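These figures come from a predicted structure and were not determined experimentally.
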Amino acid sequence: MGPAGFLPFLQRVNTLSSTCTSAAVIFSFQLPRAGRWHGPVCALVHHRSISVEKAFSHHGSELTDKESRLLDRLYNGLVGGQRSSLAESITLVETQHLRKKELAQVLLQRVLAFRQEQERLSGGKPVAFRVGLSGPPGAGKSSFIEVLGKMLTGKGHKVSVLAVDPSSCTTGGSLMGDKTRMTELSRDMNAFIRPSPTSGTLGGVTRTTNESIVLCEGAGYDIVLVETVGVGQSEFAVADMVDLFVLLIPPAGGDELQGIKRGIIEKADLVVVTKSDGELVIPARKIQAEYTSALKLLRKKSKTWKPKSALRAASL
């Protein structure tokens with residue numbers, strides 16, 4: 001199965017929770033985790049009503065004229081859909097500088113207020129759909145996103161990709177290599193790709209992935225794809241940040257016993273066996289069958305959605 005076959009799975013996802021909202025407009029299907037809203041930053045909107053004026057006044061009295069102009073420029077550019085403003089805003093959020101962290105919080109609150117207003121105007125429907133893609137190193141996550149992203153932009157969606165790359169435990173540096181596998185998508189004007197280093201953060205994501213998602217949604221991207229670093233069994237932090245969690249595994253991904261082990265498997269909404277062509281067709285079908293059987297033994301997270309498994313050819 002290629003990314004084209006991935007879309008029917010998205011279309012069949014039903015609502016798992018509806019405390020915040022009951023329906024989504026993306027792909028004409030309902031969000032599986034619409035009631036979660038993923039972390040303390042996003043939860044801020046639902047715990048209290050925030051207007052743009054109140055959000056700005058949080059630190060407004062402490063801002064210099066230069067800082068106010070900077071925030072106005074970033075905010076206006078971001079909600080206007082400028083990719084350069086979005087990139088600069090994510091850089092501001094990722095900074096370790098104490099003063100810039102305060103500026104980032106002001107910007108985030110303004111974007112959250114803007115997004116809340118958008119949801120109110122749309123009748124409470126979410127402004128974007130979030131998909132997390134994880135798996136071991138070499139599973140084909142970037143290649144899968146390249147084809148899926150092009151397919152989505154071809155259908156009129158605006159797609160943002162937050163790719164997380166590992167940082168060196170000795171030098172602290174990071175080689176942002178994921179974007180090099182998305183050559184076509186990186187040239188698409190309806191797509192935005194942002195690689196970021198883990199900087200020592202565990203769980204497969206960065207410490208500011210949640211905030212980056214909020215900024216992408218504020219910039220008008222209705223599909224947010226989050227690609228984690230190559231992960232193991234206990235690294236599934238992204239599952240609590242997204243609406244659909246997809247686990248990609250290679251054909252030699254273990255047997256049924258490996259599948260029923262607790263951890264990342266029980267967090268997955270969809271398991272995709274990659275590189276299932278050529279000489280690997282038979283091993284891929286075998287591992288798919290074993291994971292399908294293993295998923296049935298795991299505790300169900302919802303009455304309306306059952307985790308699925310699928311195949312994806314490397315040539316697609």
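- Judged purely by distance below 3.5 Å, without hydrogens or angles, the side chains of Thr209 and Ser212 never pair a donor atom with an acceptor atom.
- Residues that satisfy the side chain to side chain contact (heavy atoms under 4.5 Å, CB included) test with Glu67, not counting sequence neighbours, are Leu63, Thr64, Arg99, Leu103.
- For the atom pair CG of Leu148 and OG1 of Thr153, the computed distance is 9.5 Å after rounding to the nearest 0.5 Å.
- The shortest side-chain heavy-atom distance between Lys267 and Asp240 falls under the 4.5 Å cut-off.
- Annotation for Ile282: atom CD1 does not count as buried by contact number, only 12 or fewer foreign heavy atoms lying within 6.0 Å.
- Between Thr95 and Arg207, the closest heavy-atom pair is O-NH2, 3.0 Å.
- At most 12 heavy atoms of other shown residues, nucleotides or ligands fall within 6.0 angstrom of atom CZ in Arg285.
- With values rounded to the nearest 0.5 angstrom, Arg194 atom CZ is found 15.0 Å from Glu227 atom CD.
- When every heavy atom of Cys216 is checked against every heavy atom of Ile90, the shortest pair comes out as SG-CD1, 4.4 Å.
- Side-chain N or O atoms of Arg115 include none that pairs as donor or acceptor with a backbone N or O of Val214 at under 3.5 Å.
- Among all heavy-atom pairs drawn from Ala128 and Glu217, the shortest one is CB-CG, 3.6 Å.
- The aromatic rings of Phe114 and Tyr75 stand perpendicular to each other, their planes meeting at an angle above 60°, with 30° marking the opposite boundary.
- One finds the CG atom of Leu295 at 6.0 Å from the OG atom of Ser309 (value rounded to the nearest 0.5 Å).
- Open room surrounds NZ on Lys100; 12 or fewer heavy atoms of other groups in view lie less than 6.0 Å from it.
- A 4.5 Å side-chain heavy-atom check between Phe144 and Leu133 finds at least one atom pair inside the cut-off.
- Closest non-hydrogen pair, Phe245 versus Ala239, comes out as CD2-CB, 3.9 Å.
- A donor-acceptor contact closer than 3.5 angstrom is absent between the side chains of Ser160 and Arg83.
- Here the side chains of Ile213 and Arg130 are in contact, with some heavy-atom distance below 4.5 Å.
- Side-chain contact between Glu211 and Leu107 is absent, with no heavy-atom pair separated by less than 4.5 Å.
- Although no hydrogens or angles enter the test, the distance criterion places no donor-acceptor pair under 3.5 Å between the side chain of Thr198 and the main chain of Thr206.
- The side-chain heavy atoms of Val246 and Lys141, taken from C-beta on, include no pair separated by under 4.5 Å.
- From Lys308, atom NZ reaches atom OG1 of Thr292 across 9.5 Å, with rounding to the nearest 0.5 Å.
- Here the side chain of Asn190 pairs no donor or acceptor atom with the backbone of Lys158 at under 3.5 angstrom.
- With Thr274 contributing its side chain and Ala139 its backbone, the two residues share a donor-acceptor pair below 3.5 Å.
- With sequence neighbours excluded, the residues forming a side chain to side chain contact (heavy atoms under 4.5 Å, CB included) with Arg120 are Glu117, listed by chain and number.
- What you find for Leu248 and Pro136 is that their closest heavy atoms are O-CD, 3.3 Å.
- Considering every non-hydrogen atom in both Asp165 and Pro195, the closest pair reads OD2-CB, 3.8 Å.
- Residues Leu225 and Val131 have side chains in contact (heavy-atom distance under 4.5 Å, counting atoms from C-beta outward).
- In this structure, a donor-acceptor pair under 3.5 Å is present between the side chains of Ser196 and Glu94.
- Between the side chain of Thr91 and the backbone N or O of Ala87, at least one donor-acceptor pair lies under 3.5 Å.
- Considering CD of Glu102 and CG of Leu92, their distance stands at 11.5 Å, rounded to 0.5 Å.
- Taking Ser186 as the reference, Lys179, Ile193 meet the side chain to side chain contact (heavy atoms under 4.5 Å, CB included) condition, with sequence neighbours excluded.
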Handout entry: Test side chain to side chain contact (heavy atoms under 4.5 Å, CB included) applied to Val273 and Tyr291, step by step
Key = CA-CA 9 Å; Val273 182; Tyr291 269 86; 5.6 Å; no
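- Side-chain atoms of Glu184 never come within 3.5 Å of backbone atoms of Glu146 as a donor-acceptor pair (strictly under, hydrogens ignored).
- Residue Lys286 places its NZ atom among 12 or fewer non-hydrogen atoms of other residues, nucleotides or ligands, all under 6.0 Å distant.
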Practice task
Output, in order, the C-alpha distance, side-chain angles, deciding distance and verdict of side chain to side chain contact (heavy atoms under 4.5 Å, CB included) for Phe236 and Leu247.
Solution key: CA-CA 10 Å; Phe236 45 77; Leu247 177 63; over 6 Å; no
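- Considering CG of Asp188 and OG1 of Thr183, their distance stands at 11.5 Å, rounded to 0.5 Å.
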